[in-house]
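This report concerns only the one structure given below.
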Amino acid sequence: MNPQEAQRYLRSLDLFGMRFGLDRMRRLMTALDHPQRRFDSIHVVGTNGKSSTARMIAAILAHHGLRTGAYLSPHLLHYGERIRIDDVDLEPGAFAAAVARAARAAQLVDRSLAGEDRVTQFEALTAAAYSELALRGVQVAVIEAGLGGRYDATNVIPSKVQVLTSVGLEHTRWLGPTLADIDLDLKAFEERVNSHLVGKWVNLASRTAGFVYKHFDGVLVSTLPDAERARYDAAAKKLEACAALYEARDYAAAIRLIVEVADEANAYVADKAPWLLAKDEGKRDELHVVCTLALNYFRLLTIWFSPVVPGIAARALSFLSDASQSFDDARTPLLGVRINAFAPLAQRIDPKNIEAVIEASKDSLQPSVSPQVFATATVPESITDAKQAIRAMNENDANSFASSGPRSPIPSPEIVSIDDFARLDLRIGKVITCEHVEGSDKLLRFELDAGNLGTRQIFSGIKAAYAEPGNLVGRNVVFIANLSPRKMRFGISEGMILSAGSGGDQLFLLDVDAGAQAGMPVK
């Protein structure tokens, strides 16, 4: 690839527009063998003055004898101005070679992405910069952020120093016309819905209502013991402060207080473990009390959540056969009434749905023609398998990187017979224990109640998606029961828990209806 081809390649990526998020960038760094980890970095963020600030910092570091690099944006005449080594713009040949390396990696990443998702121009440029800075052996790189906030592509660097310039109203074409729009964090919104609304609130009912319906004909206890009544009264008293917070429009503080009580409620349920009490006929009375208090915690949270999510709250109160109309009703627990069968009230947000909403709200930025695609003659099938190939290609002359035809379509899943599927023994498992695994960045350790199969220990690589494993205790999951046990350095894993998603923090455990019991086969 020569400098002109590098410019054309980058311009072709303009047609894909801007797509915020770090998943593609992390995959690019993996394909390039993590060049961003081979130098120290200073991250310059903000609205105005980033480029001049970054240039001055780089010049100061170079003056003190450090081999220094910089990554800036935008450029005046050509893209090569964005990458600087020791206060000098990258020469055209080196720039072309850096873009060629990034383009090879981008082709691998594009093959691994779903749908129409593609590496963007800014991501390719950033990958080229990090690759070149590492290749040149810079000691410190000064990196200027783009406009994506915490999901800006530059954020994959492990910077120990961040510099904030002035912050103002900017980029309204993409982010919205107000400061509140610019501050909108859809990833945080997704996490709050999945963790707080579903994981901490709705799951209180889904984990306990089935026991009341099965063992007590759906009727709550008529009187709570003193200890449980004291717990309820303390929680109700604490949440009364939310009325003033709502009045003052301090919604964030109100929600924090509600979530604090939700954490207390979930800790109580985890400690009492009603799924274990249900197995002991002699503990039916205790089970009845625990589930009644748990459902009253759920009702209490529902009443105070109602100004925020009125639709879900109305369905929740209907499930409880409760006619509460005001915050004052929260002072008295709901006792001796018959609840209805539990039905799902809310579901976790799929990130793809958020992306679809964003795309639907934009002016059309999609290309009417396919951009020119640069590709090598042969491409490894996966990023993991491609590391050695990437290293080998990086040693070749950049001009050997030639253009070719369009990418091959993603192959369809291999067809299997019903007999192949029948070989899998899928079962329902109730989570008894879920905890972090010391020494592992990816694994959670599960103990499952597998019904007549006994208990199973399973290690599952879903830690990035479930940062609070204790919240999974009591939940039903689907697992493969006849998978050959695997010996790991942390212990024996006796099966595989099924989840949906693309990996990392984009994984979601499968939901199971309330009537399913531990050990039941999945067909």
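As a basis for the values below, the full set of heavy atoms in this structure was taken, side chains included, without hydrogen atoms, waters or symmetry mates.
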**Q.** Closest contact, heavy atoms only, Leu453 versus Ala481
**A.** CD1-CB, 3.9 Å
Q. With distance as the sole test, does Tyr251 use its side chain to make a donor-acceptor pair with the main-chain N or O of Leu245 at under 3.5 Å?
A. no
Q) Taking the side chain from Asn296 and the backbone from Leu334, do they hold a donor-acceptor pair closer than 3.5 Å? A) yes
Q: Evaluate the side-chain proximity of Asp23 to Gln506: yes if any heavy-atom separation is below 4.5 Å, no if none is.
A: no
Q: Look only at the side chain of Asn471 and the backbone of Lys200, and say whether a donor-acceptor pair between them is shorter than 3.5 Å.
A: no
**Q.** Stepwise salt bridge (Lys or Arg N to Asp or Glu O under 4.0 Å) check, Glu494 with Arg486
**A.** CA-CA 7 Å; Glu494 304 168 292; Arg486 180 183 177 191; over 6 Å; no
Q.
Within the 4.5 Å heavy-atom criterion, are Val212 and Leu220 side-chain neighbours or not?
A. yes
Q | Minimum side-chain heavy-atom gap Arg299-Asp322 below 4.5 Å | A | yes
Q.
Could you check whether Arg24 and Thr120, counting side-chain N and O atoms only, form a donor-acceptor pair closer than 3.5 Å?
A. no
**Q.** Donor-acceptor contact below 3.5 Å, side chain Gln457 vs main chain Ile492
**A.** yes
(Q) Is any side-chain heavy atom of Arg27 closer than 4.5 Å to one of Ser112? (A) yes
(Q) So Lys283 and Leu277, do their side chains get closer than 4.5 Å, heavy atoms only? (A) yes
**Q.** Pairs where residues 207-243 contributes a residue and the test ring-ring contact (aromatic ring centres under 6.0 Å, His included) is met, not counting sequence neighbours
**A.** Phe216-His288
Q.
Around atom CG of Asp513, are there more than 12 heavy atoms from other residues, nucleotides or ligands closer than 6.0 Å?
A. no
Q | Partner of Asp233 by salt bridge (Lys or Arg N to Asp or Glu O under 4.0 Å), out of Arg231, Lys237, Arg229 | A | Arg229
Q | Minimum-distance pair of heavy atoms, taken over all atoms of Ala134 and Pro35 | A | CB-O, 3.6 Å
**Q.** Side chain proximity check, Leu293 to Tyr268, heavy atoms < 4.5 angstrom
**A.** yes
Q: May I ask you to check whether Arg207 and Asn266 show a side-chain donor-acceptor distance below 3.5 Å?
A: yes
Q: Please tell me if the side chains of Leu448 and Arg427 come closer than 4.5 Å, counting only heavy atoms from C-beta onward.
A: no
Q: Would you indicate whether the side-chain heavy atoms of Leu197 and Val202 approach each other to under 4.5 Å?
A: no
Q: Determine whether the side chains of Asp110 and Gln107 contain a donor N or O and an acceptor N or O closer than 3.5 Å.
A: no
Q | Non-hydrogen atoms of Ala235 and Val261 that approach each other most closely | A | CB-CG1, 3.9 Å
Q | ring-ring contact (aromatic ring centres under 6.0 Å, His included) pairs, two or more places apart, involving residues 302-336 | A | Trp201-Phe305, Trp304-Phe327, Phe319-Phe342
Q: Using side chain to side chain contact (heavy atoms under 4.5 Å, CB included) as the criterion, point out the one residue from Val269, Leu320, Asn203, Thr208 that pairs with Phe298.
A: Leu320
